Amino acid sequence: MASPITATGSVADTAQADDEKRRHRRVLQALSGLLLGMFVSMLASTVVSTSLPVIVHDLGGDQAAFTWVVTATLLTTAISTPIWGKLADLYNRKALIQIAIVIFVLATAAAGFSQDTGTLIAFRAVQGIGAGGLAALSQVIMADIISPRERGRYMGLFGAVMAVATVGGPLLGGFITDTIDWRWNFFIALPFAVAALIIMQRTLHLPARPKVKARIDYFGIVLLSTAVSLLLIWITGAGKDYDWWSTETVLMAGGALLAAVVFVIVELRSKEPLVPLTMFRNRTFTLSVIASISIGIAMFGTSVFLSQYMQLARGATPTEAGLMTIPMIGGLLIASIVIGGLVTRTGHWKPFLIVGGVLLIAGSYLLSTIHYDTNFVLVSLYMFLLGAGVGMTMQNLVLIVQNTANPSEIGVASSGVTFFRSLGGTIGVSVMGAALATSATNLFTDRKDDIGAALMKLGEKGAAIGEQLQSGTIPQVSALPESIRVIVEDIYAQAIAHSFLIAVPLAVISLIAIIFLPNKPLTRMTTTERAEAIEADLATVSTAEGMAALQATGAVRTVDAASPAISHDDVAADEASARR
């Protein structure tokens with residue numbers, strides 16, 4: 001006969017298991033709309049990635065236009081991210097992310113009607129405003145409903161969404177471009193957006209937030225926008241439209257520097273700063289920002305120009321280019337899922353970040369060595385290494401910042417890291433695009449005799465091709481005759497490989513920053529629970545009796561119904577090691 005103690009223990013274990021299932025089910029329900037919203041944003045972005053060379057070619061754009069089609073979105077994403085993060089600390093987060101989805105998808109659909117690259121760039125800029133909201137708010141809401149320690153458990157879901165969008169998007173976009181028309185790439189996300197809004201309204205129930213008086217730092221927004229915009233415009237045109245050392249450089253670079261200095265002064269004096277500079281006193285935040293800048297360049301820069309490499313240096317069609325970039329997405333997906341699970345299981349995060357930093361360096365350097373005829377198995381390996389590096393580092397840097405940030409500043413802290421990652425990607429794409437354009441121009445000049453000889457053999461058709469190449473418009477390499485195609489592929493392969501080399505020293509800086517990150521354990525408390533703990537003056541309590549005053553759950557209460565509590569001893573031991 002079982003002893004009373006054993007029987008009681010079995011009942012307690014069963015009850016705890018049931019509670020855990022209920023908590024898990026509530027979290028999954030709350031995440032469903034958020035996951036679909038993220039899928040919408042990623043699909044709308046990736047579905048046009050492999051089609052951009054064709055789109056820019058059809059609209060008569062050159063390499064600078066191609067760069068700005070990408071940079072415009074990244075620029076407004078970077079600028080709007082801290083704004084959305086600040087709004088998340090002031091207003092209803094659920095309403096904000098729904099507004100962000102609407103802005104993003106409507107701007108994306110409008111871009112499908114573009115008749116020239118200028119209009120396309122303008123709509124892509126509006127699209128970036130919505131993307132900034134989705135990037136910032138998704139991280140903030142995740143912190144509301146899942147504790148840092150439990151986050152890895154659910155990263156598999158986000159990894160699956162990422163896989164479907166990042167692998168399926170380019171393939172779908174390439175297929176639509178090759179069989180229907182590239183404009184339909186911009187309309188494909190509309191039905192998913194409607195579904196995301198409906199599901200999010202029904203399933204996402206966030207804890208009530210105290211009402212606060214809203215103050216928006218409009219002056220800071222203008223200064224930040226001015227500084228970043230002037231910097232990017234200068235980088236794009238320098239060396240082509242004007243010399244690196246010229247009056248234009250002095251005006252734009254000097255204006256960007258002046259706006260940045262004034263921005264810092266304004267933020268230090270503002271009662272509600274857009275980017276609270278006091279957060280840089282937190283060593284974890286500062287080093288994570290430094291690391292994120294490099295990761296943004298690796299993530300955005302290389303992915304953008306890999307698509308160009310496949311089509312301009314290997315003569316692939318948009319559909320084929322989508323298939324050929326799968327190794328990078330596979331590395332990112334596998335790394336994010338596996339490492340997320342290991343972080344949750346072990347509680348250790350720093351070793352994985354260091355390995356990810358090393359892979360970033362290796363992948364960036366190896367991609368700088370590729371040629372138009374490099375064995376594609378090797379190119380796939382290089383892409384996989386880079387993708388794995390991004391997957392190990394990108395989300396985990398946001399995670400550890402949320403782990404140490406004050407609950408009242410979780411929005412600006414999360415969006416701060418995302419902002420600098422987007423800013424790094426924006427500047428990276430601009431610099432890499434400028435380097436690619438300069439290298440390609442110089443290489444075309446060096447190979448003009450070879451190109452002329454190949455064109456002469458083609459007669460009248462060769463004259464038309466030569467006129468197109470001289471115009472600066474991005475060529476459709478897969479449609480060129482073999483004799484001229486090999487030369488153009490070699491030129492673009494060298495130019496793109498040269499641009500990849502820019503990411504290497506920045507990846508080294510990222511690794512150094514990661515090495516010096518404080519190795520603080522992950523808390524099991526959500527943002528809401530930590531805020532309650534601070535209000536109760538129990539944030540540093542390390543006894544089970546003290547923690548019993550809190551409703552610590554380990555996974556958030558996502559509905560109004562009461563949530564069962566996890567072991568108070570586990571929470572107390574975890575919180576005893578964290579400084580709040």
Side-chain angles (χ1 to χ4, degrees), residues 39 41-58 66 69-70 159-186 188-189 192 298-337 359 363-364 366-367 369-391 474-480 482 485-486 488-490 492-493 496-497 499-500:
F39 175 75
S41 66
M42 294 184 67
L43 178 66
S45 299
T46 59
V47 76
V48 298
S49 60
T50 52
S51 308
L52 277 182
V54 174
I55 294 172
V56 175
H57 169 79
D58 287 352
F66 180 94
V69 168
V70 178
V161 169
M162 185 183 298
V164 174
T166 52
V167 176
L171 291 176
L172 179 62
F175 176 77
I176 291 173
T177 301
D178 289 338
T179 58
I180 308 175
D181 185 74
W182 58 260
R183 295 183 184 277
W184 283 95
N185 288 333
F186 294 98
I188 196 69
F192 295 101
M299 180 174 68
F300 295 113
T302 53
S303 61
V304 167
F305 295 108
L306 274 173
S307 176
Q308 274 201 304
Y309 169 76
M310 300 305 176
Q311 295 182 57
L312 300 182
R314 301 191 81 100
T317 65
T319 302
E320 292 168 345
L323 289 168
M324 294 167 78
T325 53
I326 286 179
M328 180 174 175
I329 305 306
L332 193 155
L333 170 65
I334 294 172
S336 61
I337 294 176
L359 293 180
S364 300
L366 290 172
L367 283 173
T369 66
I370 57 179
H371 300 284
Y372 77 99
D373 57 352
T374 299
N375 190 311
F376 190 71
V377 174
L378 288 177
V379 178
S380 299
L381 175 62
Y382 303 162
M383 289 191 290
F384 183 87
L385 292 176
L386 184 67
V390 172
I474 294 179
Q476 189 173 357
V477 177
S478 60
L480 294 176
E482 177 69 20
R485 181 168 65 87
V486 173
V488 174
E489 286 180 352
D490 185 33
Y492 274 103
I496 292 171
S499 68
F500 284 154

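Values in this document were obtained by computation on a predicted structure and should not be read as measured data.
When all heavy atoms are compared, the tightest approach of S380 to P327 is O-CB, 3.5 Å. Heavy-atom minimum distance, M383 versus F376: CE-CZ, 4.2 Å. A388 approaches L359 most closely through the heavy-atom pair CB-CD1, 3.9 Å. Smallest separation of non-hydrogen atoms from L385 and G363: CB-CA, 4.3 Å. Residue L172 comes nearest to N185 through the heavy atom pair O-OD1, 4.4 Å, listed as atom of the first residue, atom of the second, then distance. For the residue pair Y492 and A313, the shortest heavy atom distance occurs at C-CB, 4.4 Å.
Between T369 and F500, the closest side-chain pair of non-hydrogen atoms is not below 4.5 Å. Within the 4.5 Å cutoff, the side chain of V379 has no heavy atoms near those of the M324 side chain. Taking the side chain as every heavy atom from C-beta outward, F186 and I55 approach each other to under 4.5 Å. Residues L386 and S364 meet the side-chain proximity criterion, which asks for heavy atoms closer than 4.5 Å.
With sequence neighbours excluded, the residues forming a ring-ring contact (aromatic ring centres under 6.0 Å, His included) with F192 are F39, listed by chain and number. The side-chain hydrogen bond (donor to acceptor under 3.5 Å, both in side chains) search around Y309 returns R314, not counting sequence neighbours.
Rounding to the nearest 0.5 angstrom, the gap separating the NE2 atom in H57 from the CG atom in L312 is 11.0 Å. Distance CD1/I370 to CG/N375: 12.5 Å, rounded to 0.5 Å. Annotation: the span from F384 atom CZ to L332 atom CG amounts to 10.0 Å, rounded to 0.5 Å.
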Is there a side-chain contact (heavy atoms from CB on, under 4.5 Å) between V54 and D178 once you walk through the steps? CA-CA 10 Å; V54 174; D178 289 338; 6.0 Å; no
